[in-house]
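Worth saying up front: this structure is predicted, and the values here are computed from it rather than measured.
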Amino acid sequence: MIIENGLSQKPERLRLIERLGKRNPIDRILKRADDKPAPLSYSQERLWVMSQLEPNNPIYNVAGAVRFDGDVNVFVLEQALTEVVHRHQILRSRFITIDSQPLQQVTPDAELPLESLNLSAFPENEKISAFDRYAALFICRPFQLDKQPPLRVLLTEMNNQQHILLLTLHHIVSDRWSVGVLIQEVAALYEAFCSNLPSPLPTLAIQYADFCVWQRSQQTKWENQLAYWQQKLMGVPPLLELPTDRPRPRLPSYRGDMCRFELPTELSQKLKQLAQQHNVTLFMVMAAAYSTLLYRYSGSRDFCIGYPVAGRNRSQLADLIGFFVNTLLFRCQIVGEMRFIDWLMHLREQALH
């Protein structure tokens with residue numbers, strides 16, 4: 001029985017997209033007429049170029065994990081995984097080159113080998129650290145995008161009543177939203193198949209490759225957006241010079257990290273009140289505060305901050321596995337002695353543009 005995956009409920013943002021899609025109908029993405037190799041999306045092409053420059057660099061591997069408490073039917077779990085790979089063509093696609101152009105080619109084989117790791121013999125106080133070591137090696141193993149599916153799965157037995165399912169995908173076929181879709185579908189299929197029931201998941205109307213073909217057909221639209229960003233970013237400084245305790249390396253090491261912290265409840269309530277008073281979102285308040293902090297540390301009055309956005313602005317895309325996420329740039333140009341509220345209003349206009 002799966003009891004913890006962190007994504008068991010359909011996110012509110014998914015429901016919102018579905019409602020907006022029904023309220024504001026726009027041109028729909030159509031299914032391709034055949035399964036010939038399809039072009040890459042613009043986002044995919046960017047990662048494909050990076051994979052050619054650094055073929056063994058695992059920085060674009062994306063991982064997710066599910067904990068199972070109780071007995072695990074490995075055979076049924078393999079069935080569920082195979083069904084998900086069958087549903088989503090992108091999970092069984094290779095990235096090939098024809099006439100110097102990268103293309104994604106769907107392979108007919110939907111089977112996904114389930115790797116296994118047994119840590120039940122380890123002392124209890126060593127199991128977590130042992131799993132972390134093995135998981136790091138598993139996640140960081142590079143993908144050969146032209147030869148193998150961009151998905152790997154590892155089932156780790158901690159003891160006979162606790163297992164951890166670890167999934168690793170290349171970012172070229174996935175984003176964090178997609179990991180949530182993948183975990184939800186595996187959970188739903190596993191539960192159904194354990195009860196000898198058919199798949200409860202609706203047939204997908206389109207595949208990720210259909211989105212890629214549609215995106216490439218919107219050339220005029222993208223040219224207009226490109227012209228906007230070229231003007232918006234004209235003359236922007238290439239780097240934000242923050243005071244650091246060591247020199248900036250000539251080449252990036254990719255040894256990044258994440259810092260998590262919680263704001264006190266009282267402060268969180270005050271931030272929400274500030275947002276309501278000025279008709280802005282909580283994101284806009286936090287973006288204004290963060291950019292103010294960077295300005296004070298660096299002294300720079302002109303810099304950019306990138307914020308990831310889901311990129312799923314159509315209800316058709318809500319349940320697809322694929323690489324949709326994009327980075328939206330905010331150019332922070334501080335003029336004169338602006339008050340914080342003035343700066344907040346400036347960012348509001350930029351976010352709504």
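Looking at heavy atoms from C-beta onward, Asn61 lies out of side-chain contact with Cys140 at the 4.5 angstrom threshold. Two residues are said to be in side-chain contact when any heavy atoms from C-beta on lie closer than 4.5 Å; Leu77 and Phe68 meet this criterion. Looking at Tyr208 and Gln89, their side chains never come closer than 4.5 Å, going by heavy atoms from C-beta outward. Ile90 places none of its side-chain heavy atoms less than 4.5 Å from the side chain of Phe323. Residues Phe95 and Leu103 form no side-chain contact, since every pair of their non-hydrogen atoms from C-beta on lies 4.5 Å or further apart. Contact annotation: the side chain of Trp343 approaches that of Cys332 to within less than 4.5 Å [non-hydrogen atoms, C-beta and beyond]. Contact check for Thr292 versus Phe340: side-chain heavy atoms found under the 4.5 Å cut-off. Residues Thr156 and Lys127 have side chains not in contact (no heavy-atom distance under 4.5 Å, counting atoms from C-beta outward).
Each ring pair (Phe, Tyr, Trp, His ring centres under 6.0 Å) pair with one or both residues in residues 71-91, not counting sequence neighbours, would appear here, but there are none.
Other members of the hydrophobic cluster containing Leu117, listed by chain and number, are Leu119, Phe122, Ile128, Phe131, Tyr134, Phe138, Ile139, Leu154, Met158, Ile164, Leu166; membership follows side-chain contacts under 4.5 Å among ILVMFWY residues, whether direct or relayed.
Judged by the 6.0 Å and 45° rule, Arg312 forms no cation-pi pair with Phe211.
Salt-bridge formation is not detected for the pair Glu83/Arg87: no Lys NZ or Arg NE/NH1/NH2 atom is positioned less than 4.0 Å from an Asp or Glu carboxylate oxygen. Between Arg133 and Glu126 there is no salt bridge, since none of the side-chain N atoms of the basic residue sits less than 4.0 Å from a carboxylate O of the acidic one. Using a cutoff of 4.0 Å between basic side-chain nitrogens and carboxylate oxygens, Arg32 and Asp210 are scored as salt-bridged.
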Would you list the atom pairs, donor with acceptor, under 3.5 Å between side chains in residues 272-284 and any protein atom, with sequence neighbours excluded?
from, atom 1, to, atom 2, distance (Å)
Thr281, OG1, Met284, N, 3.2

| said: Show, in sequence, the C-alpha distance, side-chain angles and deciding distance for Leu233 and Gln230, and conclude whether the side chain to side chain contact (heavy atoms under 4.5 Å, CB included) test is met. | reply: CA-CA 5 Å; Leu233 300 177; Gln230 286 174 331; over 6 Å; no
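Although no hydrogens or angles enter the test, the distance criterion places a donor-acceptor pair under 3.5 Å between the side chain of Ser41 and the main chain of Gln44.
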